[in-house]
Amino acid sequence: MRISRKININVARTVENAVGKRDDFHFYVDELTSDDRMPTYAGEADEKYEFESMDEAFFEFIHRKIEGDGIYLRLILATGQATSNGALFTLECGREIKTFKTGDVEKVLLFDFADFGVKVQKGRVVLGTTIEEGCAHTPYFAEFGSDKGNEDFLSLDNPLNREIVTILWDMIFEDEQQIHR
């Protein structure tokens, strides 16, 4: 399965959709460094934004980061567990909680906790993930459907990842006037 598509993301609407009226939404937006690390986790953020609300200052902060080293928007929070006949994943996205079951355990990476989302930088959007216990808080990024990502974390041979990409497209809002397909 290969998924390739150019988009012009509407970051504000996408963040609002991902947040789903949650108080803890600051978790969904992370600034990035030039080497794709998340400096807020290491206490090295050069301009930490203290969230008050999704106000103009918040989106100005996001815009500055997009024009610099980029941001990572977590759109799906996931937990996984082994079952007697495969694996079960709980996917929290916006206001919804979905489950994904698979018996194809050879092609999935079983994890306790992960997130999936997109890196947005200067008009470029790529798939991203962080997997707890596998890559600490260093995200992996790759073009949608490319072979560049870590095979375990972003492979589209993984049935969970195919489901994740489908959900991501539902979570992302595009700027309608500037869609390129």
Side-chain angles (χ1 to χ4, degrees), residues 2-19 24-51 54 57-80 91-93 108-158 160-162 164-165 167-169 171-175 178 180:
R2 184 163 181 83
I3 297 172
S4 178
R5 187 170 154 190
K6 283 188 168 185
I7 63 170
N8 187 21
I9 189 171
N10 182 319
V11 173
R13 288 192 66 202
T14 300
V15 168
E16 290 166 357
N17 186 43
V19 169
D24 61 347
F25 92 88
H26 61 277
F27 179 77
Y28 289 83
V29 180
D30 268 304
E31 65 180 294
L32 296 170
T33 62
S34 59
D35 60 353
D36 286 336
R37 288 184 312 108
M38 294 184 282
T40 49
Y41 284 103
E44 301 169 356
D46 62 348
E47 181 192 3
K48 184 171 168 74
Y49 177 82
E50 296 296 331
F51 169 71
M54 283 194 297
F58 174 71
F59 287 109
E60 284 175 7
F61 170 79
I62 288 177
H63 180 71
R64 281 194 305 279
K65 295 302 173 181
I66 288 172
E67 293 304 312
D69 292 323
I71 60 170
Y72 176 46
L73 297 178
R74 288 178 173 92
L75 301 176
I76 301 169
L77 303 177
T79 57
L91 310 172
E92 186 177 332
C93 42
V108 296
L109 173 67
L110 191 59
F111 51 77
D112 291 329
F113 175 82
D115 61 67
F116 298 87
V118 292
K119 174 183 177 181
V120 183
Q121 182 187 23
K122 298 179 184 173
R124 186 167 174 248
V125 179
V126 295
L127 177 66
T129 185
T130 59
I131 310 279
E132 191 174 297
E133 297 177 32
C135 40
H137 290 296
T138 300
Y140 285 89
F141 296 112
E143 300 287 344
F144 287 105
S146 79
D147 298 327
K148 294 179 186 175
N150 178 300
E151 189 173 307
D152 290 330
F153 301 134
L154 293 173
S155 167
L156 289 176
D157 291 334
N158 179 331
L160 173 64
N161 291 351
R162 289 193 303 267
I164 293 291
V165 169
I167 294 170
L168 284 175
W169 286 125
M171 298 291 298
I172 294 171
F173 279 85
E174 299 178 70
D175 280 333
Q178 300 178 26
H180 306 284

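Numbering starts at 1 and runs along the sequence shown. These numbers were taken from a predicted model, which means no experiment stands behind them.
Checking each of Ile62, Val120, Val11 against Val29 for a side chain to side chain contact (heavy atoms under 4.5 Å, CB included) leaves exactly one that passes, namely Ile62. Of the listed residues (Val126, Ile71, Ile9), just one forms a side chain to side chain contact (heavy atoms under 4.5 Å, CB included) with Val118, and that residue is Ile9.
A pairwise comparison of heavy atoms in Met171 and Thr14 identifies O-CG2, 3.7 Å as the closest pair. Minimum heavy-atom separation, Asp69 to Lys119: O-CE, 4.0 Å. Taking all atoms of both residues into account, the shortest heavy-atom contact from Glu31 to Lys65 is OE1-NZ, 3.1 Å. In this structure, Ala18 and Leu75 approach most closely via the heavy-atom pair CB-CD2, 3.5 Å. Contact record, Leu160 with Asn158: N-OD1, 2.8 Å, taken as the closest heavy-atom pair.
For Gln121 (side chain) and Gly68 (main-chain N/O), a donor-acceptor pair under 3.5 Å exists by modelled atom type. A distance-only check finds no donor-acceptor pair linking the side chain of Asp30 to the backbone of Tyr72 [under 3.5 Å]. Not one N or O on the side chain of Thr129 forms a donor-acceptor pair closer than 3.5 Å with the backbone of Phe116.
Taken from CZ in Phe61 to CZ in Phe59, the straight-line distance is 12.0 Å, to the nearest 0.5 Å. Between atom CD1 of residue Ile164 and atom CD1 of residue Ile76 there is a gap of 4.0 Å, rounded to the nearest 0.5 Å. Distance CG/Leu73 to CG/Asp115: 11.0 Å, rounded to 0.5 Å.
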